Amino acid sequence: MPELPEVEAAVRALRAAVVGRTIRDAHTRHAAARRALPDDVAAALTGRRIVGVTRMGKHQALALDDGSTLHAHFRMTGDWDVGRADAPLPPHARVVLTFDDGVRVALVDPRALGGITWHAPGQAPAPALGPDALDDAFDAAALRAALRTRRTAIKPALLDQRVVAGVGNIYAAEALWVARIDPRVAAASLGPARAERLVAAIRSVMRDALETPGRYQDGEALERMHVYGREGEPCTRCGATIRRIVQAGRSTYFCGGCQRR
DNA sequence: CGTATCCTGACC
DNA sequence: GGTCAGGATACG
């Protein structure tokens with residue numbers, strides 16, 4: 001499910017449930033999850049205490065008391081299920097962590113593209129990322145600097161986590177609509193004024209989503225979208241028809257009327 | 001840039 | 001049966 005706002009909500013729930021708790025059992029329930037977290041590595045987690053949970057873009061890091069890190073990524077369909085250890089396990093639970101106080105956290109991930117990996121102290125858990133979309137370091141100057149050498153269109157560039165961390169396919173489309181920028185515009189051609197508008201739009205789209213409970217696959221969340229999933233519908237701003245194109249293999253929705261090249 | 005790949009489920 | 005899906009990476 002996750003772009004930055006959904007991951008942030010998941011991190012907050014996880015943090016409240018597990019910081020200060022000690023792992024009593026860790027195991028995987030799917031071949032892909034086991035490749036990422038082999039059985040012996042999972043077994044060695046017993047006795048480790050979680051000392052902190054942080055988010056970097058869409059990545060999550062669970063700091064352990066021995067200086068090592070559990071790195072979690074939801075990819076397309078991951079989410080945490082937090083509950084009691086004696087409750088029935090939800091469908092598609094791929095990794096299960098049980099804690100000393102009876103709390104159980106499961107990585108629920110129907111497509112099993114996400115996962116948890118373990119990293120020894122000093123090993124970087126996440127790949128190099130650009131500034132987090134909600135970080136003050138993400139401003140118009142930083143965005144333009146990151147885009148200057150790109151030869152791609154702005155929309156696929158926004159999905160590159162080295163440009164800005166946390167933006168995904170849905171909110172990239174929504175932010176470009178808010179900023180009135182055509183997703184096909186060359187990334188490197190973005191001027192100062194449009195970069196400013198785009199940064200502000202990304203922030204506001206992320207903040208709005210963060211403040212709204214629920215997930216964006218819910219009908220209620222999709223109703224708030226201005227362009228995503230709305231091919232053929234009239235633009236709420238100018239009335240022109242929302243279009244769908246494919247960029248870098250992914251759907252892009254935009255309004256051909258008020259999003260300018 | 002495009003394509004394929006990792007997976008499963010929903011939908012046509 | 002085929003297509004598509006919120007992500008990311010590897011390769012041509």
Side-chain angles (χ1 to χ4, degrees), chain A residues 1-11 28-37 55-60 71-81 90-95 106-117 124-130 132-133 147 149-177 183-189 202 205-206 208-210 212-232 244-254:
Chain A
M1 64 171 218
E3 295 186 33
L4 184 152
E6 295 75 31
V7 176
E8 177 61 24
V11 159
T28 56
R29 298 172 51 82
H30 187 278
R34 200 163 300 120
R35 281 195 294 276
L37 191 72
R55 178 187 63 76
M56 306 90 73
K58 305 171 198 173
H59 300 256
Q60 301 173 65
H71 172 239
H73 200 296
F74 287 164
R75 294 286 188 108
M76 300 275 259
T77 53
D79 196 7
W80 297 122
D81 175 85
H92 312 301
R94 308 307 192 193
V95 183
L107 172 64
V108 174
D109 187 9
R111 284 176 71 178
L113 295 176
I116 298 178
T117 51
L129 299 172
D132 192 89
L147 296 179
T149 61
R150 307 246 151 199
R151 278 187 289 265
T152 163
I154 184 63
K155 194 298 199 138
L158 288 179
L159 298 185
D160 187 331
Q161 302 298 296
R162 294 168 298 187
V163 171
V164 52
V167 176
N169 201 40
I170 292 183
Y171 295 136
E174 292 297 310
L176 286 166
W177 180 85
R184 299 165 295 182
V185 164
S189 75
I202 290 170
V205 164
M206 293 294 173
D208 285 353
L210 202 48
T212 313
R215 319 207 155 123
Y216 53 148
Q217 70 264 45
D218 295 349
E220 192 185 317
L222 284 174
E223 280 169 30
R224 293 195 306 274
M225 301 299 165
H226 289 102
V227 287
Y228 185 83
R230 296 198 176 279
E231 183 182 15
R244 173 185 179 270
I245 60 175
V246 174
Q247 293 179 294
R250 325 247 351 236
S251 289
T252 296
Y253 297 89
F254 70 105

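Reminder, nothing fancy here: chain letters follow the sequence lines and each chain counts from 1. Since this is a predicted model, take the numbers as computed values, not measurements.
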Closest to side chain of [X], choosing from [options]:
X      : options             : result
A/P156 : B/dG9, C/dG7, B/dC1 : B/dC1
A/A248 : B/dG9, C/dG7, B/dG2 : B/dG2
A/R94  : B/dT8, C/dA5, C/dA8 : B/dT8
A/H30  : B/dC6, B/dT8, C/dG6 : B/dT8
A/Y253 : B/dC6, C/dT9, C/dA5 : C/dA5
A/Y228 : C/dG7, C/dA5, B/dG9 : C/dA5
A/H92  : C/dA8, C/dG7, B/dG9 : B/dG9

Is any side-chain nitrogen or oxygen of [X] closer than 4.0 Å to OP1 or OP2 of [N]?
X      : N     : result
A/K58  : C/dG6 : no
A/T77  : B/dG9 : no
A/Q161 : C/dA8 : yes
A/H73  : C/dA8 : yes

Pairwise [atom1] distance, [M] and [N] [rounded to whole Å]:
N     : M     : atom1 : answer
C/dG6 : B/dC1 : C1'   : 23 Å
C/dG2 : B/dT5 : P     : 15 Å
C/dA5 : B/dG2 : P     : 15 Å

Measure the shortest side-chain to side-chain distance between [X] and [Y] over non-hydrogen atoms and say whether it is less than 4.5 angstrom.
X      : Y      : value
A/M225 : A/Y171 : yes
A/D109 : A/H30  : no
A/D79  : A/E6   : no

task: Look at all strands and tell whether A/R244 reaches a base, only sugar-phosphate, or nothing, counting heavy atoms closer than 4.0 Å.
output: sugar-phosphate

Checking N1-N3 plus N6-O4 or O6-N4 for Watson-Crick, or N1-O2 and O6-N3 for wobble, each under 3.5 Å, the partner of C/dA8 is B/dT5

Note to self: Once hydrogens and angles are ignored, does a donor-acceptor distance under 3.5 Å link the base of C/dA5 to the side chain of A/R250?
What the structure shows: no

Subject >> A/S251 and A/R244: side chain donor to acceptor below 3.5 Å >> reply: yes

>> With a 4.0 Å cut-off on N to O distance, would you call A/D208 and A/R224 a salt bridge?
In response: no

When rounded to whole Å, the CD to P distance for the pair A/E6 and C/dA5 reads 17 Å

From CG of A/L113 across to P of C/dG6 the rounded distance in Å is 12 Å

